[in-house]
Amino acid sequence: MKIERLDTALGARISAVNLSVPDGLDQAGLRSAWLDHGVLLFHGQNLSPTALVQFSALFGDLEPPPASETGTRDELAGQPVWYISNVVENGKAIGSLGAGEAEWHTDMSYLPEPPTASILFAQEVPHTGGNTSFADMEAAWAAIPDDLCQAIAGRTIHHDSSTTSVGETRRGYDGVSDVREAPGASHPAIRTHPETGRPSLYLGRRRNAWIEGMDLAESEALLDRLWEHCRRPEFAWTHVWQAGDVVMWDNRRLIHRRDPFEASSRRIMLRTQVAGDRPF
Ligand code: OGA
Ligand code: MN
């Protein structure tokens with residue numbers, strides 16, 4: 001196994017590995033590279049849904065996928081795998097999130113115990129568009145301006161569970177009219193990584209968030225300023241996908257977003273998520 005740091009704010013490329021043969025992998029080496037670099041990139045992999053589940057399970061129990069606005073392929077029934085795709089077969093979307101922009105977010109932070117890792121395998125990608133960016137919230141916290149630091153320190157953020165990163169209402173949920181009453185979970189705005197001990201901002205996603213106990217207008221204004229800070233390009237790395245890529249990231253530390261792409265092109269990704277603990 002070869003580990004090369006990417007020439008950017010975060011991330012490493014791992015080569016000379018075959019993820020479809022989990023027994024042959026240096027598990028401890030992979031885990032420590034993932035903790036060090038925040039996101040790992042593997043090229044040239046060929047994974048069935050079952051093989052992706054087996055690889056993912058090296059990092060912990062798997063969390064079932066989120067309730068999405070669309071169905072998913074029958075072949076995945078009962079497996080903790082999620083299709084992220086714009087492809088429509090027989091009039092039915094095979095996966096979630098369509099072809100639009102997915103705004104900056106961390107995965108499933110609306111759960112009381114959000115996932116530690118998300119793992120995404122690119123089965124089919126468009127010629128252009130649909131790039132995914134990752135940003136390091138440890139670096140964002142380390143660079144936080146004093147006034148923002150004082151305003152957010154010690155606060156708790158409410159994370160909405162009703163709406164996806166592309167702005168669609170999940171199956172079984174109503175739209176949110178008052179963010180203070182949104183369904184979801186509350187977490188500290190600054191969390192400590194349970195494995196590395198390092199602090200990071202933990203904002204979840206901008207849409208329908210509320211800084212608990214704060215006047216609504218004040219919360220909205222502070223969240224806007226925090227997000228503006230987190231979107232600074234020096235914290236981020238953008239991945240241009242090739243079919244066969246696997247990317248695995250630490251949701252406790254990173255946020256990510258996706259560029260839109262041509263709705264007429266095909267993009268098929270498989271996603272798993274490793275169950276986590278309550279943030280502190
Ligand atoms: C995800 C996600 C973006 C993408 O898998 O959690 O946000 O690139 N995916 O499709
Ligand atoms: Mn996501």
Side-chain angles (χ1 to χ4, degrees), residues 11 34 38-42 45 47 49 52-53 55-56 59 62-70 72 76 79-87 93-111 114-137 159-168 170 184 202-209 230-231 236-263 265-276:
W34 172 64
V39 46
L40 301 181
L41 164 63
F42 308 83
Q45 303 298 318
L47 297 176
L52 177 63
V53 165
F55 168 68
S56 305
F59 300 93
L62 300 188
E63 179 78 33
S68 52
E69 72 289 2
T70 48
T72 194
L76 297 187
Q79 292 212 66
V81 183
W82 193 37
Y83 265 112
I84 295 183
S85 183
N86 66 318
V87 171
I94 65 164
S96 304
L97 304 186
E101 175 183 350
E103 62 185 19
W104 284 111
H105 66 282
T106 187
D107 287 334
M108 302 169 80
S109 62
Y110 47 80
L111 297 178
T116 56
S118 293
I119 303 171
L120 198 54
F121 167 60
Q123 202 172 65
E124 252 184 86
V125 296
H127 288 297
T128 175
N131 302 334
T132 307
S133 303
F134 299 86
D136 186 357
M137 294 299 96
H159 299 237
D160 163 51
S161 57
S162 72
T163 309
T164 70
S165 57
V166 293
E168 278 161 328
R170 296 182 202 278
Y202 192 59
L203 301 183
R205 61 194 69 193
R206 175 65 188 89
R207 199 189 303 263
N208 296 338
C230 291
R231 285 194 285 261
W237 163 62
T238 297
H239 180 50
V240 180
W241 293 94
Q242 300 167 27
D245 285 351
V246 171
V247 171
M248 166 177 176
W249 65 93
D250 191 337
N251 276 301
R252 299 165 291 188
R253 167 176 173 191
L254 306 184
I255 54 173
H256 58 281
R257 65 171 293 279
R258 180 189 77 189
D259 292 335
F261 56 98
E262 268 304 317
S265 57
R266 289 166 62 90
R267 187 174 186 270
I268 304 180
M269 321 287 274
L270 276 77
R271 225 283 301 275
T272 52
Q273 47 287 316
V274 178

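For ligands, and for the atoms within them, numbers begin at 1 and follow the listed sequence. Heads up: numbering here begins at 1 and tracks the sequence.
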Partners passing salt bridge (charged side-chain N to carboxylate O under 4.0 Å, His left out) against R267 (at least two apart in sequence or in another chain):
none

Filter on salt bridge (charged side-chain N to carboxylate O under 4.0 Å, His left out), then keep only pairs touching residues 119-137, sequence neighbours left out; what's left?
E124-R266, D136-R253

Do NZ/NE/NH1/NH2 and the carboxylate oxygens of E103 and R206 come within less than 4.0 Å?
no

Residues around ligand 1, heavy atom under 4.0 Å from any ligand atom, sorted by chain and number. Can you pull those?
I84, H105, D107, L120, T132, W249, H256, R258, R267, R271

For the atoms OD1 of D107 and NE2 of H105, give the angle they form at the Mn ion (ligand 2), rounded to 10 degrees.
90°

Could you work out, with ring-ring contact (aromatic ring centres under 6.0 Å, His included) as the rule, every residue matching H239, not counting sequence neighbours?
W237, W241

Within the structure provided, determine whether H256 and D107 are in side-chain contact (heavy-atom separation under 4.5 Å).
yes

Find out whether E63 and P80 are in side-chain contact, i.e. whether some heavy atom of one side chain is under 4.5 Å from a heavy atom of the other.
no

